[in-house]
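Working notes, beginning with the structure itself.
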Amino acid sequence: SSISEGLRLSSASTNIRVSQEDFSLRLDEERSASVRKGDVIALYPQSMHMDPDIYQDPQSFRYDRFVQDGRVKTDFYKSGQKLKFFLMPFGSGASMCPGRYFAVNEIKQFLSLVLLYLDLDLQPGQNRVSLDYSRAGLGILLPDADVRFHYRLRAASQSPAE
């Protein structure tokens, strides 16, 4: 859940599709847009990731946002309709990133090792990081400044290696 929440807050990829047929794209209950066959459509999932109708208090990091009753939460709604794609850091549909499971497992392994073997302390003044939006549309947003922290190897008696 924490990893999904981190990806929700920092992913800013753009999903680009080409319409295969004419259709009307419903934008909300009152508005729609006509799309012709061959039109290029660019979707920006972060607009959905930050939608307060889908995610309560969307600007806040909530480590348990994707957990409900001890299970992975997959039911998110907009205007009373269940969303098929509610989290899209790796795209959606047929062109979703094929390495997404590998990437998330690498993040899990890295975090596990860091938390097991290191003591970490943020330096004073490092409360919240703001993101650099200059790469919006190209993937994960980087912090706009270095995150300053101290670390040290845990004592051998605290290490899980023994």
Got a donor-acceptor contact below 3.5 angstrom from the [X] side chain to the [Y] backbone?
| X | Y | answer |
| --- | --- | --- |
| Gln68 | Lys73 | no |
| Asp132 | Ser134 | yes |
| Ser13 | Gly139 | no |
| Arg154 | Leu116 | yes |
| His49 | Met88 | yes |
| Glu21 | Lys37 | no |

Spell out, yes or no, whether [X] and [Y] are grouped together once hydrophobic residues are joined by side-chain heavy atoms under 4.5 Å, including indirect joins.
| X | Y | answer |
| --- | --- | --- |
| Leu142 | Met50 | no |
| Val129 | Leu9 | no |
| Leu138 | Ile140 | no |

Next item on the list: Establish, for the pair Arg65 and Tyr55, whether the NZ or CZ atom is under 6.0 angstrom from the six-membered ring centre and no further than 45 degrees off its axis.
Entry: no

**Message:** Quick check on Tyr151: does its OH atom have over 12 non-hydrogen neighbours (other residues, nucleotides or ligands) under 6.0 Å away?
**Reply:** no

Q: Please indicate whether Gln56 has more than 12 foreign heavy atoms, meaning atoms of other residues, nucleotides or ligands, lying under 6.0 Å from its CD.
A: no

Residues 77-113 vs ring pair (Phe, Tyr, Trp, His ring centres under 6.0 Å), sequence neighbours excluded, gives Phe76-Phe86

Distance from [X] atom [atom1] to [Y] atom [atom2], nearest 0.5 Å?
| X | Y | atom1 | atom2 | result |
| --- | --- | --- | --- | --- |
| His150 | Leu122 | NE2 | CG | 9.5 Å |
| Ser79 | Ile54 | OG | CD1 | 8.5 Å |
| Leu87 | Met48 | CG | CE | 7.0 Å |
| Lys108 | Leu113 | NZ | CG | 14.0 Å |
| Asp146 | Gln126 | CG | CD | 8.5 Å |
| Asp121 | Phe149 | CG | CZ | 10.5 Å |

Less than 4.5 Å apart, any side-chain heavy atom of [X] and any of [Y]?
| X | Y | value |
| --- | --- | --- |
| Val104 | Arg100 | no |
| Leu141 | Tyr133 | yes |
| Arg8 | Pro58 | yes |
| Ser60 | Asp57 | yes |
| Ile3 | Leu111 | yes |

task: Please lay out, stage by stage, how Leu25 and Ser32 fare under the test side chain to side chain contact (heavy atoms under 4.5 Å, CB included).
output: CA-CA 5 Å; Leu25 177 64; Ser32 63; over 6 Å; no

List the steps, then state whether side chain to side chain contact (heavy atoms under 4.5 Å, CB included) holds for Ile41 with Leu43.
CA-CA 6 Å; Ile41 304 166; Leu43 305 171; 3.9 Å; yes

Using distance alone, with no hydrogens and no angle criterion, decide if Asp144 and Ser130 have a side-chain donor and acceptor under 3.5 Å apart. yes

Sorted by chain and number, sequence neighbours left out, side chain to side chain contact (heavy atoms under 4.5 Å, CB included) with Ser2 holds for Phe61, Tyr63

At their closest point, which heavy atom of [X] faces which heavy atom of [Y], and how far apart are they?
| X | Y | result |
| --- | --- | --- |
| Pro45 | Thr14 | CD-CA, 4.5 Å |
| Gly6 | Ser10 | O-OG, 2.8 Å |
| Arg17 | Asn15 | NH1-CB, 3.9 Å |

*asked:* Please determine whether side chain to side chain contact (heavy atoms under 4.5 Å, CB included) holds for the pair Val40 and Ile16, giving the CA-CA distance in whole Å, both sets of side-chain angles, and the decisive distance to 0.1 Å.
replied: CA-CA 7 Å; Val40 176; Ile16 299 172; 3.7 Å; yes

Is it true that Asp51 and Lys78 have a side-chain N and a carboxylate O under 4.0 angstrom from each other? yes

Subject >> From CA spacing to verdict: side chain to side chain contact (heavy atoms under 4.5 Å, CB included), Asp22, Asp39 >> reply: CA-CA 9 Å; Asp22 294 347; Asp39 283 351; over 6 Å; no

